[in-house]
*Asks:* 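One structure, as structure tokens, below. Some questions next.
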Amino acid sequence: MSQPAVRNAVIIGGNRIPFARSNTAYVNASNQDMFTAALEGLVARFGLQGQRIGAVSGGAVLKHSKDFNLIRECVLGSSLDAATPAYDVQMACATGMEAIGSLANKIKLGQLESAIGGGVDTTSDAPIAVSEALRGILLELSRARTTKAKLAALAKIRPAHLAPSAPGTGEPRTGLSMGDHQAITTKAWGITRQAQDELALASHKNLAAAYDRGFFNDLITPFNGLSKDNNLRADSTMEKLGKLKPAFGKNLGDAATMTAGNSTPLTDGASAVLLGSEEYAKDNDLPMLANFVDFEAGAVDFVHGAEGLLMAPAYATARLLKRNNLSLQDFDFYEIHEAFAGTVLATLKAWEDEEFCREKLGLDAPLGAIDRSKLNVNGSSLAAGHPFAATGGRIIASTAKMLHEKGSGRALISVCAAGGQGVVAILEARN
Amino acid sequence: MADKYMELVNTGFTKKLAKLLGLPRPPRLRRYGADTPLLPGPVLVLGQSPKAQQLSDTLISWDLDVRRHDAGDTKLGGIILLLDELTHPEQLSPLMLAAGKALRNLVPGARVVSFSRQALDSDKPAVAAVRQGIDGAIRSLGREMRGGATANGIVLQEGTEITSPSAIGALNFFLSGRSAYVDGQFLTVKTTDGELPEDFHKPLAGKVAVVTGAARGIGAAISRTLARDGAQVVVVDMPQAGESLAAVANEIGATTLQLDVTAKDAGQQIIDHAIKRHGSLDIVVHNAGITRDKLLANMDETRWDSVIAVNIASQLRMNEIFLAAKLPGLRIVSLASTSGIAGNRGQTNYAASKGGVIGMVHSSAKLFAAAGGSIAAVAPGFIETEMTAKIPLGTRTVARMVLPSLMQGGLPEDVAEAIAFLSSDAAAGLNGQVLRVCGQSLVGA
């Protein structure tokens, strides 16, 4: 059997709903509601009604057990052909990146002609579990066959068992929140409060400017009365950001630099990206914004303190660049997900650091500095918010559009994730 | 849009009660359906015209039962009056009286359509008199019709005949349920341009149509109707209206374009989207519009300027871009308003914009015709929409019932039907006209 040649996977376009701070505009919306809305906006934008898409893949980080087939349920509730297969993917905050990257690979191999990838998350409608003790008793109750055994099981329930167990963003193996983890990294790399606040301010200003020039007109479809990300503070200033008290790493005392202003808030939202082969795009008169060139996942041992929780993309990038024979400076846009301003700044600093690049990345020379004017030019998560699994789709769609507008060049995308992981990707402009 | 009052006076015991009390009983209008016949009964053709036989053949091809004489023994679905050969008011008598006699046999939802010639200043006085007289007679007849029946007229300009494509197209429109809320109106066939559709149920097959302000109300109805008639539709609305815009698109297989029509490059964005995604741009419906009502004494700059910017300035700018692009056969249909014709208290800004649309349409007709296209406008009267639903119940009931001959407000679909017809190739010879869809309201005569 002959192997098919690898072909291009192109990004046709994307759609997301505006992102909303937790417990605001989408307080009554479920993951299914939001991803369906993102999907419906995408279908409407590209006229996909009744079409059978090769596959729809995505997921959510915070997920109810009833949502075992979340993406498929969304497809069934959409205007797509019900014969469109769909499946869930979960890789913490890199869910969207992993979903889209894997779909791109299938397109490259000729297994898919068209695909939709993305993600969704809500912290407003987060699942709440019963306590472990109560869960054990309830399972015992379901196994009980006699009334006596059932009563015996029920009798074990104590008031303390009724306290629900809410999900957090804490790392199971360290008990530390993500912010407190990043605070360690931020301090280790000597990232100043000033630098973090400047990055946050730039994010808000850039996002506001992008809205003003209509950049998001074909990237966002309003939902539930919201037409813009409601975390955006177009009038933010260094003074305002400077007044905020530290929110993470409080045990660091005066060295604590991470505030609610330079960290992402809990956010609700959903995003979806349409990909296809060149043939699919041409046959359906659809635009080709960018090629999805390659992607790479990384993971670090943060548990034993060998590396910071959110530093995996620094490692993955080195491998991705090497595989593609590129230097860090060979890009026109850098989209580094702003989980925290400290994450972005620590990553940049690590790439410039000779010792880190030699010892950790095994490179002869540091990857070097990037042109900061090419970083997150239309704002990123500090301004838009960060509904975990939806962030990858937001960045990929926006970046593909930026490349298409420019008409040439390539972009590096980096998204860190819980569990010490991350996914990085390269996109290349189509004109 | 269920109207409680109409339901009450037209059904069961309350119908009898309403009759007894002499309450106005707004009729159910006969609207278009793909499976319903063009007319609800035989059509009586009265009068003589050189092409009367060809016209009869056309009517027969539409599956109509054509009668040349009224035996008085059958119910009729419509009457066509051929008045285009008359040269003196005295000649009106036999035809009008014969029509009058036949009125008794009309079924609910029937149609009367007249053909006449346009009165010109160069006509002999008697010729001009009869031609203009027909205008008054048909408009008056419209007010006398009952049971949702209407009377409208087709005026032929020199060089056109009752069998010219747009005359036939207009006749089909007036006879059909598509013209349910059009009453006492005239369409003037100016040229022999135009092409009749292969299938009158799919007059827009193969066309790419852009509708602005499509997220809700009349715009959504226009989009649905154009899609039903066979067009590939692009729905346009403000980015803020994107959620309902997407719902409309997914319902009818359209694509969305989130766009502020007042943006400088709005016209170019529309062209790019339509051509790149759908291969051509054949129809643009300028429907996007806003109201910011205030008495002029209390009017501020924001209210005035925003209405002008959205309702007329944006259309002027987009049309310039469309004209410069020389899109072959482009048909534009704009939304005017009876406010722009008759005026409306509290709407000086709105009426200026809608009157402006009418002026623009008249003056742009030649420009669009140069590339084989056309431009027209539809002026809706009282239409039942989310917007008019906010008018207090009492005022609303009076506005929709007492004023128009049809004793009710129109539906967004009624406006949409007129727009779909004027955007079809059959309407090419009607270039530059404004059609009122108002149920023959008293406003603006």
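Numbered from 1 within each chain, the chains take letters A, B, ... in sequence-line order.
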*Asks:* Got more than 12 heavy atoms from elsewhere within 6.0 Å of CD, B:Glu195?
*Replies:*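 No - once you tally the heavy atoms of other residues, nucleotides and ligands closer than 6.0 Å, there are 12 at most.
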*Asks:* Whether the side chain of A:Gln49 engages the backbone of B:Ile252 through a donor-acceptor N/O pair (distance < 3.5 Å, no angle test) should be reported.
*Replies:*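 Such a contact is absent between A:Gln49 side chain and B:Ile252 backbone.
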*Asks:* For residues B:Ala246 and A:Gly41, report the shortest heavy-atom separation together with the two atoms involved.
*Replies:*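 Residues B:Ala246 and A:Gly41, closest heavy atoms: CB-CA, 4.2 Å.
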*Asks:* Measure A:Asn15 against the heavy atoms of chain B and call it side chain, backbone, both or neither at under 4.5 Å.
*Replies:*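 Answer is neither: A:Asn15 stays 4.5 Å or more from chain B.
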*Asks:* For A:Gly225 versus B:Glu243, what's the shortest heavy-atom pair and its separation?
*Replies:*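 In terms of heavy atoms, the two residues are closest at N-OE1, 4.1 Å.
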*Asks:* Among B:Val235, B:Thr256, B:Val234, B:Leu259, which residue forms the greatest number of heavy-atom pairs with chain A at distances under 4.5 Å?
*Replies:*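 Highest number of heavy-atom pairs under 4.5 Å: B:Thr256.
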*Asks:* Considering only heavy atoms and a distance below 4.5 Å, find which of B:Gln240, B:Gln232, B:His273, B:His278 pairs most often with chain A.
*Replies:*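 Max contact count across the listed options: B:Gln240.
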*Asks:* Got a donor-acceptor contact below 3.5 angstrom from the B:Asn250 side chain to the A:Ala44 backbone?
*Replies:*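 Yes, the answer is positive, given that a donor and an acceptor are paired below the 3.5 Å cut-off.
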*Asks:* List the atom of B:Thr255, the atom of A:Arg45, and the distance in Å for their closest heavy-atom pair.
*Replies:*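 The answer is CB-O, 3.7 Å.
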*Asks:* At their closest point, which heavy atom of B:Arg277 faces which heavy atom of A:Asp285, and how far apart are they?
*Replies:*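 Between these two residues, the closest heavy atoms are CD-O, 3.3 Å.
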*Asks:* I'd like to know which of A:Gly214, A:Gly50, A:Gly47 tops the heavy-atom pair count under 4.5 Å against chain B.
*Replies:*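 When all of A:Gly214, A:Gly50, A:Gly47 are compared, A:Gly47 has the most.
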*Asks:* Between A:Asn217 and B:Gln258, do the side chains contain an N or O donor and an N or O acceptor separated by less than 3.5 Å?
*Replies:*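 No, no side-chain donor-acceptor pair sits under 3.5 Å.
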*Asks:* Between A:Ile220 and chain B, with a heavy-atom cut-off of 4.5 Å, which part of the residue counts as in contact: side chain, backbone, both or neither?
*Replies:*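 Just the backbone, heavy atoms under 4.5 Å.
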